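Computed over heavy atoms, backbone and side chain alike; hydrogens, waters and symmetry mates excluded. The chain is numbered in sequence order, starting from 1. In this text, all values refer to a predicted model and were calculated from it rather than measured experimentally.
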Amino acid sequence: MSSPEIASLSWRHMKVKGCSSSYKDCKVWLGGSRAWDWRETETDHHPGVQPADLEEVLQKGVEKRVIRQGMSEALQIGVELRVLQTVKAVAEYNNLVGQGAKVGGVFHSTC
């Protein structure tokens, strides 16, 4: 099983290969993806990404994680991970997918 590649990224729109839905924000992992709803964990720009936001992805057996701060790097990160601007994070994620890594991430397509 592999992680799905992120096929496209633009402001407020992300498309994951093999998924018929498009996302504003999404979580991806080995064999799957889903919308990332910040309201589930009370995520906001401050205090930022919550450990619970990553828990689901980590439980899917990933070995590497890529996280983003938004297109303008406005979203704060409250856990120690590789942190990149969204376009760079998608490129890093897709690069790891291409290498066959068990990778997961959470991605925000605005701010």
Practice task
Give a yes or no on whether the backbone of Ile6 and the side-chain of Asn94 come within a donor-acceptor separation of less than 3.5 Å.
Solution key: yes
Handout entry: Close side-chain approach of Ser2 and Val97, heavy atoms under 4.5 Å
Key = no
Practice task
Using the test salt bridge (Lys or Arg N to Asp or Glu O under 4.0 Å), find all partners of Arg12 that sit at least two apart in sequence or belong to another chain.
Solution key: none
Exercise for the section: Please report the closest heavy-atom contact between Ser3 and Ala101, naming both atoms and the distance. Expected result: OG-O, 4.0 Å
Practice task
Group every Ile, Leu, Val, Met, Phe, Trp and Tyr by side-chain heavy-atom contacts under 4.5 Å, then state whether Leu54 and Leu30 land in the same group.
Solution key: yes
Handout entry: Gln99 vs Leu96 side-chain heavy atoms within contact, under 4.5 Å
Key = yes
Practice task
Would you check if Val62 and Val57 make a side-chain contact, meaning some heavy-atom pair closer than 4.5 Å?
Solution key: yes
Fill in the blank from the handout: Heavy atoms of Leu84 and Glu92 approach each other most closely as CD1-CB, 3.8 Å
Practice task
Supply the atom-to-atom distance Cys111 SG to Gln69 CD, rounded to the nearest 0.5 angstrom.
Solution key: 10.0 Å
Handout entry: side-chain contact (heavy atoms from CB on, under 4.5 Å) between Thr110 and Lys24, intermediate numbers included
Key = CA-CA 8 Å; Thr110 62; Lys24 174 182 168 251; 4.0 Å; yes
Problem - Ion pair check, Arg65 and Glu56, cut-off under 4.0 Å - result: no
Handout entry: From NZ (Lys15) to OG (Ser10), nearest 0.5 Å
Key = 12.0 Å
Fill in the blank from the handout: Rounded to the nearest 0.5 Å, the OG atom of Ser109 sits from the CH2 atom of Trp11 at a distance of 8.0 Å
Completion exercise
Rounded to the nearest 0.5 angstrom, the CD-CD distance for Gln50 and Glu40 is 12.5 Å
Exercise for the section: For the pair Thr43 and Asp53, evaluate side-chain contact (heavy atoms from CB on, under 4.5 Å) and give the outcome as yes or no after the intermediate values. Expected result: CA-CA 8 Å; Thr43 292; Asp53 292 318; 2.5 Å; yes
Practice task
Consider only side-chain heavy atoms of I, L, V, M, F, W and Y, link residues closer than 4.5 Å, and tell whether Val103 and Leu58 are in one cluster.
Solution key: no
Problem - Nearest-0.5 Å distance, CG of residue Asp37 to NZ of residue Lys27 - result: 9.0 Å
Exercise for the section: I would like to know whether Trp36 and Val28 meet side-chain contact (heavy atoms from CB on, under 4.5 Å); could you show each step before the answer? Expected result: CA-CA 9 Å; Trp36 175 28; Val28 291; over 6 Å; no
Handout entry: Steps toward side-chain contact (heavy atoms from CB on, under 4.5 Å) verdict (Trp38, His45)
Key = CA-CA 10 Å; Trp38 289 17; His45 292 116; 4.0 Å; yes
Practice task
Would you check if the distance from the ring center of Tyr93 to the ring center of Phe107 is below 6.0 Å?
Solution key: yes
Handout entry: Pairwise distance SG(Cys26) to NE2(His13) - rounded to 0.5 angstrom
Key = 10.5 Å
Practice task
Examine Met71 and Val90 and state if one hydrophobic cluster contains both, with Ile, Leu, Val, Met, Phe, Trp and Tyr joined whenever side-chain heavy atoms are less than 4.5 Å apart.
Solution key: yes
Practice task
For residues Met14 and Ser22, determine if any side-chain heavy atom of one lies less than 4.5 Å from a side-chain heavy atom of the other.
Solution key: no
